[in-house]
Amino acid sequence: MEWINDHTALLIVDVQNDFIPGGALAVTGGDRVVPIINELQKKFRHVIATQDFHPANHGSFASNHPGKLPGEFIELAGLTQILWPVHCVQSSRGADFHPDLNQSQWKAIFQKGKNPDVDSYSGFFDNARRGDTGLGDYLKSNGITRVFVCGLALDYCVKFTALDAKNFGFETILIADATRAVNLQPSDGEAAIKEMKAAGIKVLTSNEL
Ligand SMILES: [Zn+2]
């Protein structure tokens, strides 16, 4: 089966310095996805990236809630919100894409997490589903029917982006070797893959494409 054609897109989720070892919210092995994604991009005509892009006063940052630490929970936008270290602050180096990530053929970048009052794991909608980045309509208006998802982190932004892609009606495929999990709990990555499969998302590795 030919997986990639003019109606397929590659979505690169949040491959930013703060999610790479050495960054504020480092994902173990996060840098390892960069060469894999660079190879993958060569096969696609439509490559789109998402970027976590928070104001400094973002409600998901533990430091904005006196007495709270990363990993603790609060309520934000009516939802249970895990608190994170300060990360991907607009115009900081941590918010920049990994310097080795090839951006030369990107058609668009969709930024998320700009509203301080709600977190935004998915590249499509914020967690309360009030704000829409426009990614879904963008893909539809470009004739995309099948979406491949890769990037960081598997158990948060990649998972929620893939689930929303599927909900939007796109055939959705996770590229399992082009993502890594935060794994706050050691099995979170595996659980994320299970949840995605249960939602009808396919899982492939880059060498199958
Ligand atoms: Zn964030």
In chain order, what residues pass the side-chain contact (heavy atoms from CB on, under 4.5 Å) check against Ser206, with sequence neighbours excluded? Ile36, Leu40, Ile175, Asp177

Residues clustering with Leu69 (ILVMFWY side chains joined when closer than 4.5 Å, directly or via others): none

Phe110 ring center near Phe124 ring center (under 6.0 Å): no

Looking only at atom types and distance, does a side-chain atom of Arg146 sit under 3.5 Å from a main-chain N or O of Trp3, one as donor and one as acceptor? yes

Closer than 3.5 angstrom, by distance alone: can the side chain of Gln90 be matched with the main-chain N or O of Phe53 as a donor-acceptor pair? yes

Set of residues satisfying side-chain contact (heavy atoms from CB on, under 4.5 Å) with respect to Leu25, sequence neighbours excluded: Phe19, Trp84, Pro85, His87

Contacts of Lys68 meeting side-chain contact (heavy atoms from CB on, under 4.5 Å) (sequence neighbours excluded), chain-then-number -> His65, Glu72, Ile74, Leu83

Only counting residues at least two apart or in another chain, list the ones meeting side-chain contact (heavy atoms from CB on, under 4.5 Å) with Arg93. Asn17, Asp96

When you look at NZ of Lys107, are more than 12 heavy atoms from neighbouring residues, nucleotides or ligands closer to it than 6.0 Å? yes

Donor-acceptor contacts, no H, no angles, side chain residues 149-165, under 3.5 Å, sequence neighbours left out:
{"from": "Asp155", "atom 1": "OD1", "to": "Val182", "atom 2": "N", "distance (Å)": "2.8"}
{"from": "Asp155", "atom 1": "OD2", "to": "Val182", "atom 2": "N", "distance (Å)": "3.4"}
{"from": "Asp155", "atom 1": "OD2", "to": "Asn183", "atom 2": "N", "distance (Å)": "2.8"}
{"from": "Lys159", "atom 1": "NZ", "to": "Glu195", "atom 2": "OE1", "distance (Å)": "2.9"}
{"from": "Thr161", "atom 1": "OG1", "to": "Gly123", "atom 2": "N", "distance (Å)": "2.9"}
{"from": "Thr161", "atom 1": "OG1", "to": "Cys157", "atom 2": "O", "distance (Å)": "2.6"}
{"from": "Asp164", "atom 1": "OD1", "to": "Arg129", "atom 2": "NH1", "distance (Å)": "2.9"}
{"from": "Asp164", "atom 1": "OD1", "to": "Arg129", "atom 2": "NH2", "distance (Å)": "3.4"}
{"from": "Asp164", "atom 1": "OD2", "to": "Ser122", "atom 2": "OG", "distance (Å)": "2.6"}

In terms of heavy-atom contacts, does NZ of Lys43 have more than 12 from other residues, nucleotides or ligands at under 6.0 Å? yes

Charged N-O contact under 4.0 Å between Lys202 and Glu171: yes

